[in-house]
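To start, the structure under review is shown below, and the notes come after it.
Chain identifiers are assigned alphabetically (A, B, ...) following the order of the sequence lines, protein sequences preceding nucleic acid strands; residue numbering begins at 1 within each chain. Just so it is clear, the values below take in all heavy atoms, side chains as well, and ignore hydrogens, waters and symmetry mates.
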Amino acid sequence: MLFNFAASLYNIQKQENHIIMRTKIKTILTGDGVDYKVNVKGWVRSFRNNQFIALNDGSCMGNIQVVIDLATDEEVTRNITNGASISVDGTVVASQGRGQRVEIKAETIKILGTCDSESYPLQLKNKPSLEFLREKAHLRFRTNTFGAVFRVRHALAYAVHKFFNDRGFVYVHTPIITASDAEGAGEMFRVTTLPFDNPPRTESGSINYKEDFFGKSTNLTVSGQLEAELAAMNFSEVYTFGPTFRAENSNTARHLAEFWMIEPEVAFNDINDNMDLAEDFIRYLIEHAMAHNREDIEFLAQRLADEEKQKPQNERSEMGLIEKLEFVINNKFERITYTDAINILQSSTPYKKKKFQYEVKWGADLQSEHERYLVEKHFKKPVIVTDYPEGIKSFYMRMNDDGKTVAAMDILAPGIGEIVGGSQREERLDKLTERMEAMNIPADELSWYLDTRRFGTVPHSGFGLGFERMVLFVTGMTNIRDVIPFPRTPKNAEF
RNA sequence: UCCUCCUUAGCUCAGUUGGUUAGAGCACAUGACUGUUAAUCAUGGGGUCCCCCGUUCAAGUCGGGGAGGGGGAGCCA
C-alpha cells in the first residue's frame with residue numbers, strides 16, 4: 001500500500017504538466033498525504049447539495065468526496081446523477097466537513113457515461129432487498145453489500161491458491177466434461193451435440209451415443225476428485241479449484257447447480273492428516289480475509305447485525321460475524337466419531353422430548369437438525385464427524401478395521417452445515433473392488449481409476465470444500481445465491 | 001420434489017368488518033438553498049392491487065386454480 005501510494009506520487013511528479021494518471025480511491029483514502037493532484041475515475045453514488053459527489057471505483061468500501069465548484073457548467077452538473085461514470089482532475093485536500101479526512105477539490109469533471117435517473121433501478125437509499133438485487137444481478141456489483149461480498153470472494157480465491165502454493169501443492173486442472181457417470185456424487189447435466197427431436201438410435205431403440213460428439217455419453221463434472229487422485233500419484237500434493245455441476249432439483253439457500261469446489265488430494269496422508277489439513281486451510285482462508293478485507297468484513301458484520309435486529313430475540317445468533325470468525329481462528333474444531341455423535345444425540349434433550357423429526361439411529365445418516373444440534377447447541381463450534389457407517393458413504397472411502405465404518409470426515413460449520421466432505425481413500429485394490437461390487441459401481445468404466453491401485457498404490461486422503469459455502473461463512477450472507485455473481489439454480493439461468 | 005409464507009407505485013411497505021376517488025416514506029421531475037454526510041424545504045407526475053376463474057349489488061380484501069419469490073426439509077459441497 002505504501003508502495004502504491006509512493007508510486008502514484010511519483011507518477012504525479014513525473015507528469016506534472018501532462019495528463020495525470022488515474023489514482024485508485026483506495027490509495028487516496030488509505031494514504032496520509034494531502035495537497036497533491038490526482039485524477040480519479042468512478043461511478044457516482046450520491047450527489048448532495050449540487051456540490052458534493054460521493055464517488056466509488058470499487059477499489060474499496062469507501063467513497064471519496066469530490067467537491068465541485070458552484071460555478072461548474074450546468075451541462076455537467078445536470079449529468080452528475082446516481083450511477084453516472086465520471087473522471088475528475090483535482091487536488092486532494094483536507095476536508096472541511098466532518099465525515100471524512102480528505103476530499104478532492106475538483107478542477108475539471110468529465111462525464112464519461114450518463115445514467116438516466118428515472119430508469120436506473122438502483123436506488124440505494126431505499127435499501128433494496130437482496131431478492132430484488134438478485135433480479136438485477138448485472139447491476140448489484142455496484143452496491144456496498146455486493147461490492148464487499150465479491151471483494152471478499154476474490155480474496156478467498158486468491159488465498160486458496162496461496163495456501164496450497166506455499167505448501168508445495170500442484171494445481172491440477174481436471175476436466176469439466178467427463179464420461180464417467182459412476183461417481184455417484186449426484187445427478188449430472190448431459191453434454192451432447194445430438195439433435196433433441198430425432199437422435200440416432202441403436203437396434204434396441206436406445207440413443208446411440210457412438211454417433212455423439214465424443215463417441216460416448218458425456219456429462220458436466222460433479223467432482224474432480226477421481227482425476228485429482230491420479231495426479232496425486234506423482235506430485236504427492238495436488239489440488240483442484242474449478243466449477244462443478246449438479247443437476248439435483250435442490251431449492252435451498254445452500255445449493256447451486258453450478259458451484260466452485262476445492263479438492264486437495266494428498267498421497268501418504270491418513271484421515272488425521274486430512275483433518276489437520278482441512279482445519280488449517282479453513283483457518284488460513286478466514287485469517288487472510290480478515291487481514292486483507294477488514295473493512296469489507298466490518299461492513300458485512302454491521303449488515304448482518306442490522307438483519308438480526310429484525311428477528312425475534314430467540315432466533316438471533318449469539319455471536320456477531322467478526323466474533324464468530326475470530327472464534328473459529330482461535331479454537332480447535334471438535335473431532336468426534338459418528339458413533340459418539342449418535343450417543344450424544346440420543347442423550348440430548350430434544351431427543352428425549354422427541355423434538356427431532358428424524359430418527360437418531362446408528363446406521364442412519366445425520367440429518368440437518370442433528371448436525372445443527374451438535375454444532376450450534378452442544379459444542380458451539382465447528383465439528384468434524386469421522387468414521388461413518390460404510391453403508392451411507394461413497395465407494396472410494398477406506399474401510400476401517402472394524403469392518404463397519406469408513407475413514408470419512410465431514411466438517412460441520414455453524415449456520416452452514418456441511419462445509420467439507422472428505423476421506424482417506426481405499427488404496428487396497430481387493431477391498432475397493434469388493435465395495436464397488438457391493439454398491440453396483442461398474443468397475444470396467446473406472447479401470448483407469450483402479451490402475452492407481454494396481455501400479456504403486458499408496459495410502460492417500462483428500463476432501464472437497466464448497467467454495468460458495470466458505471464465502472457464505474466469511475461474509476455472513478445467508479443465501480448462496482448472493483455470494484456468486486450469477487447464480488445457477490433450478491429454473492434460473494439469467495445473465 | 002415436499003411443507004409453509006408472501007406478491008399493492010421504480011424501491012420498502014400500510015391498507016380496518018368486502019363499500020364510494022387505493023395511501024406513506026424514499027426514489028424521480030421542477031424550483032429554492034448552498035460545507036453537505038440517507039442534505040434540507042416546496043411543488044408535481046407516477047397503480048394491469050401478480051394472472052385466470054368464481055362468490056357478491058359491490059373484491060386489493062372472500063373461495064378455487066396458476067405463475068413468480070422467500071423460509072424450512074430432502075439430496076449434497
Quiz item: Is the backbone of T337(A) close enough, under 3.5 Å, to the side chain of D387(A) for a donor and an acceptor to pair up by distance?
Solution: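 No; zero donor-acceptor contacts below 3.5 Å.
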
Pick base, sugar-phosphate or nothing for [X], based on heavy-atom distances below 4.0 Å to the nucleic acid.
| X | result |
| --- | --- |
| F132(A) | sugar-phosphate |
| L256(A) | base |
| S250(A) | base |
| I419(A) | sugar-phosphate |
| P121(A) | nothing |
| E263(A) | nothing |
| R98(A) | base |
| Y358(A) | sugar-phosphate |
| S129(A) | sugar-phosphate |
| S119(A) | nothing |
| R45(A) | nothing |
| Q357(A) | nothing |

Roughly how far apart, to the nearest Å, are [N] and [M] at atom [atom1]?
| N | M | atom1 | result |
| --- | --- | --- | --- |
| A59(B) | A32(B) | C1' | 45 Å |
| U55(B) | C11(B) | C1' | 35 Å |
| G45(B) | A9(B) | C1' | 11 Å |
| C6(B) | G74(B) | P | 24 Å |
| A67(B) | U30(B) | C1' | 40 Å |
| G25(B) | G63(B) | P | 32 Å |
| U4(B) | G15(B) | C1' | 24 Å |
| C50(B) | U40(B) | P | 31 Å |

Quiz prompt | Pairwise 5' ranking along RNA chain B for R372(A) and E103(A), keeping only the more 5' one | solution = E103(A)

Quiz prompt | Position toward the 5' end of RNA chain B (nearest nucleotide), S368(A) or R134(A) | solution = R134(A)

Self-check item: Polar side chain donor-acceptor pair, Y158(A) to H288(A), under 3.5 angstrom
Solution: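 On atom types as modelled, these side chains do not qualify, holding no pair under 3.5 Å.
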
Self-check item: Distance-only donor-acceptor check, side chains E390(A) and T405(A), under 3.5 Å
Solution: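 No, no side-chain donor-acceptor contact under 3.5 Å.
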
Self-check item: U36(B) phosphate, OP1 or OP2, under 4.0 Å from R48(A) side-chain N/O
Solution: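 For U36(B), OP1/OP2 do not have a side-chain N/O of R48(A) under 4.0 Å.
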
Exercise. Determine: side-chain N/O of R254(A) to OP1/OP2 of C75(B), distance under 4.0 Å, yes or no.
Key: no

Quiz item: Does some side-chain heavy atom of E287(A) sit less than 4.5 Å from a side-chain heavy atom of L325(A)?
Solution: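 L325(A) does not reach E287(A) side chain to side chain.
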
Using only modelled atom types and a 3.5 angstrom limit, is any donor from either the side chain of [X] or the base of [N] paired with an acceptor on the other?
| X | N | result |
| --- | --- | --- |
| E369(A) | G74(B) | no |
| Q96(A) | G35(B) | yes |
| Q100(A) | U36(B) | yes |
| N251(A) | U1(B) | yes |

Self-check item: Residue N479(A), side-chain heavy atoms: nucleotide from C75(B), G70(B), U36(B) that is nearest
Solution: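 Of the options given, the side chain of N479(A) lies nearest G70(B).
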
Exercise. Starting from P on A29(B), measure out to CZ on R78(A) and report it in whole angstrom.
Key: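 Checked: the CZ to P distance equals 11 Å.
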
Pairing partner (Watson-Crick or G-U wobble, both distances under 3.5 angstrom) of [N]:
| N | answer |
| --- | --- |
| A67(B) | U7(B) |
| A73(B) | U1(B) |
| U21(B) | none |
| A29(B) | U43(B) |

Self-check item: K324(A) to F473(A), cation-pi by 6.0 Å centre distance and 45° axis angle
Solution: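 K324(A) over F473(A) ring: yes.
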
Quiz item: Does the ring of F467(A) carry R153(A) above it, NZ/CZ under 6.0 angstrom from centre and within 45° of its axis?
Solution: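 Because its charged atom misses either the 6.0 Å distance or the 45° angle limit, R153(A) does not stack over F467(A).
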
Exercise. State plainly whether the residues R254(A) and E418(A) are in salt-bridge range, i.e. N to O under 4.0 Å.
Key: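 E418(A) and R254(A): not salt-bridged.
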
Quiz item: Can a salt bridge be assigned to the pair D410(A) and K393(A) using a cut-off of 4.0 Å between side-chain N and carboxylate O?
Solution: yes

